[in-house]
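Heads up: the structure comes next, in structure tokens.
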Amino acid sequence: MFTDETLETVGAESLWRKSRLLQQESKTCQTAELKTAEVEVQASDTSENATQTEADEHRTQHFDLERESPIHYPGLADFLHRVEGVVVKEFKRNVQSHAFDGFQVNWEDQSETVSCLHALQYSEAQESGLQVTSLSWNTTGSVVACAYGRLDDGDWSTEKSFVCTWNLDRRGLNPKRPDLVIDVPTSVMCLSFHPSKPSLIAGGLYSGDVLVWDTSRTQDPLCARTAMSDETHREPVYQVHWVPGARRGGGFSVLSAGADGKILVWQLDSEGQLTLSDGFALVTQQTPRNVKLSKARGDCLLGITSLSLCPWDSDVFLVGVEGGLVLKCSFSTRTPAAVSSPSSSLALRAPAQFCFSSHAGPIHAIHCSPFHRNLFLCAGMDGHAHLRSLLQATPLLSLRLSDSYLFSVRWSPTRPLVFAAATGQGSVVIFDLGRSSLRPAATIEQDAGGKPVYCLEFNPKQPHLLAAGNADGTVKIWQLSAELMEQGQREAAQLEQLANEATK
């Protein structure tokens, strides 16, 4: 059929390279000859002009500054001798006077006003009519956490709530968009950042639960909570604090106090549970006998509305209750609480050691002074703020700050005599006890339509910042003036003088 066959090759010589070589030509080009020239110019004539006034012999006076003869003023020496004794006497009086003690000349022009830096809001919480119930700054002072819930009438038990955080140091901060939003199934009544871990927050709920969130875990921030058992709170938790663990180097535990009259201490375990490690109960019949209580059953528990840890003595804490009492308590008490508890639970103890004179209504806030071991402030529904000493039952000073309720009171972290209070009339009042105890040094209107201010917190790391939470769901960040931040020379001594009134 088909066979392979080999044929001779056929080639054709290329003429392209030869034709290109034949067409090449050499060509050159040069411009016309360039002509150059040099030109110089110089001024040939110069002139000088001068002017001078002529001397006026009649108006000119000549003074010889190097003459040695002194100037004599008749009667000057006699005058100085006459007033010498009076002037020396006044000098001595000025040396002994304390009229200007603590006064410091401020050569810089600093503003005395309080200005609003941010108005933080979360639209979904505001649309639901939720209120700001608690605030807390983290340990770095850059992040503020806000708890949403309700402190007025309403069905709190089934209403969804939130915890929101804003980092004020973040570039491009959006005050209407929180950095983190945590959904919570019921109202959050209180918050507290961890003392050394800036991402951990403890919170107390209206349902009685205590939770711990880790804000670094944005997908699932809940890292621990109390289990459903007979040991947990049965009523709303109004205060949470971080307290040092019982063992050295054991970290911190969470302390919670609720309207059921119990103060419970929880430890975080590895399984994401808060386990009860210690507990206390305020029983009516076990309160100190230095005050008279209203007629009530002896086994009734006193509902706790506020609590403050003493920064000077880790064994002491103060508690405010619904009936208006303020109690000094001890963690080291060994007295068993007169309450019935399940056999499997931890035995509760009675911590009350001393009872102060009462307010005319629930105590909403207590705060121990960071500058004196015996002084503290408390405020409540009667609109009064009391400056008290741990050494006596009656207040050292009673100030009526509002015609409505007082919901929060806080000492300044830098000024020993300055404190701020949140009122039910929608304002924050700042008092300087060194200036006057009758008029506020500053009044901050929150512009919330007269709605209450429920909480406020000074920034511990940036003391010029003050956060205040409103009933309309807004958190205002205020910048304080230098006058409200800088401590005076004798301010600590004046606070000591106030404290000494308790020992007279």
Side-chain angles (χ1 to χ4, degrees), residues 238-239 241-244 255 257 261 263 265 280-284 286-293 302 304-335 349-380 382 384-399 401 406 408-413 415-421 431 433-434 437 458 491-504:
Y238 286 117
Q239 291 288 313
H241 291 276
W242 295 88
V243 295
L255 180 145
I263 303 162
V265 181
F280 308 87
L282 295 179
V283 186
T284 302
Q286 292 181 304
T287 55
R289 301 301 181 184
N290 58 314
V291 294
K292 294 182 179 180
L293 298 177
L302 300 173
I304 299 170
T305 52
S306 57
L307 185 146
S308 179
L309 303 174
C310 179
W312 304 91
D313 188 346
S314 59
D315 183 57
V316 175
F317 64 98
L318 300 171
V319 171
V321 301
E322 293 175 345
L325 290 179
V326 180
L327 300 169
K328 177 185 176 183
C329 301
S330 171
F331 284 114
S332 61
T333 180
R334 296 300 177 188
T335 305
R349 293 176 286 159
Q353 306 291 312
F354 185 78
C355 189
F356 301 91
S357 58
S358 65
H359 282 253
I363 305 297
H364 288 148
I366 300 178
H367 195 210
C368 294
S369 169
F371 293 95
H372 198 285
R373 64 180 302 111
N374 292 329
L375 296 182
F376 68 95
L377 288 166
C378 55
D382 57 3
H384 285 80
H386 289 177
L387 175 64
R388 294 181 178 271
S389 170
L390 296 176
L391 304 179
Q392 69 178 39
T394 56
L396 301 175
L397 195 62
S398 179
L399 303 173
L401 305 186
L406 294 180
S408 183
V409 63
R410 290 292 184 269
W411 287 102
S412 165
R415 292 281 311 276
L417 294 174
V418 171
F419 68 90
F431 269 77
L433 299 178
S437 60
F458 285 95
E491 196 165 343
Q494 289 178 277
L495 187 70
E496 182 69 32
Q497 186 177 357
L498 278 173
N500 290 339
E501 296 294 328
T503 59
K504 293 183 179 179

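Owing to the predicted nature of the structure, the values given are computational and were not obtained by experimental measurement.
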Problem set entry | Side chain Ser358, main chain Gly324, donor-acceptor under 3.5 Å | no
Problem set entry | Side-chain donor or acceptor of Glu491 paired with backbone N/O of Gly434 under 3.5 Å | no
Exercise. For the residue pair Lys328 and Leu318, what are the closest heavy atoms and their distance?
Worked result: CA-CD2, 3.8 Å
For this session: Could you tell me whether the side chain of Cys355 reaches within less than 4.5 Å of the side chain of Thr287, counting heavy atoms only?
Result: no
Exercise. Quick check, are the ring centers of His384 and His359 under 6.0 angstrom apart?
Worked result: no
Problem set entry | Minimum heavy-atom distance Ala281-Pro351, with the two atoms named | O-CD, 3.5 Å
Exercise. Does the side chain of Leu417 come within less than 4.5 Å of Leu498's, by heavy atoms?
Worked result: yes
Exercise. What distance separates Ile366 CD1 from Ser408 OG, expressed to the nearest 0.5 Å?
Worked result: 11.5 Å
Problem set entry | His241 side chain vs Leu307 backbone, donor-acceptor pair below 3.5 Å | yes
For this session: Using ring-ring contact (aromatic ring centres under 6.0 Å, His included) as the criterion, list what pairs up with Phe376, not counting sequence neighbours.
Result: Phe356
Exercise. Ile263 and Ile304: which non-hydrogen atoms are nearest, and at how many Å?
Worked result: CG1-CD1, 3.4 Å
Exercise. Shortest non-hydrogen contact from Arg373 to Asp313?
Worked result: NH2-CB, 4.4 Å
Seminar exercise, completed: Contacts of His372 meeting side chain to side chain contact (heavy atoms under 4.5 Å, CB included) (sequence neighbours excluded), chain-then-number -> Ser369, Asn374, Leu375, Leu495, Glu496, Ala499
Exercise. Is there side-chain contact between Leu401 and Leu406, with heavy atoms separated by less than 4.5 Å?
Worked result: yes
Seminar exercise, completed: Between the CG atom in Leu309 and the CZ atom in Phe317, the distance rounded to the nearest 0.5 Å is 8.5 Å
Problem set entry | Minimal non-hydrogen separation, Thr335 against Gln286, with atom names | CG2-NE2, 4.1 Å
For this session: Mark yes or no for whether Trp411, through its side chain, and His367, through its backbone, hold a donor-acceptor pair below 3.5 Å.
Result: yes
Exercise. Are any of the side-chain heavy atoms of Pro311 and Cys368 separated by less than 4.5 Å?
Worked result: yes
Exercise. What closest approach, in Å, do Pro288 and Phe354 show between heavy atoms, and which atom pair accounts for it?
Worked result: CG-N, 3.5 Å
Exercise. At what distance, to the nearest 0.5 angstrom, does CZ of Phe431 lie from CG of Leu387?
Worked result: 12.5 Å
Problem set entry | Non-neighbouring partners of Phe371 that pass ring-ring contact (aromatic ring centres under 6.0 Å, His included), sequence neighbours left out | none
Seminar exercise, completed: Distance col, row Ser330:OG vs Arg349:CZ, nearest 0.5 angstrom, shows 8.5 Å
Problem set entry | Donor-acceptor pair between Ser306 and His364 side chains, under 3.5 angstrom | no
Exercise. Can you find a heavy atom in the side chain of Ile363 that is under 4.5 Å from one in the side chain of Val321?
Worked result: no
For this session: Please examine the side chains of Leu399 and Leu377, heavy atoms only from C-beta on, and report whether any two atoms are closer than 4.5 Å.
Result: no
Problem set entry | Check: Ser398 side chain, His386 main-chain N or O, donor-acceptor pair, under 3.5 Å | no
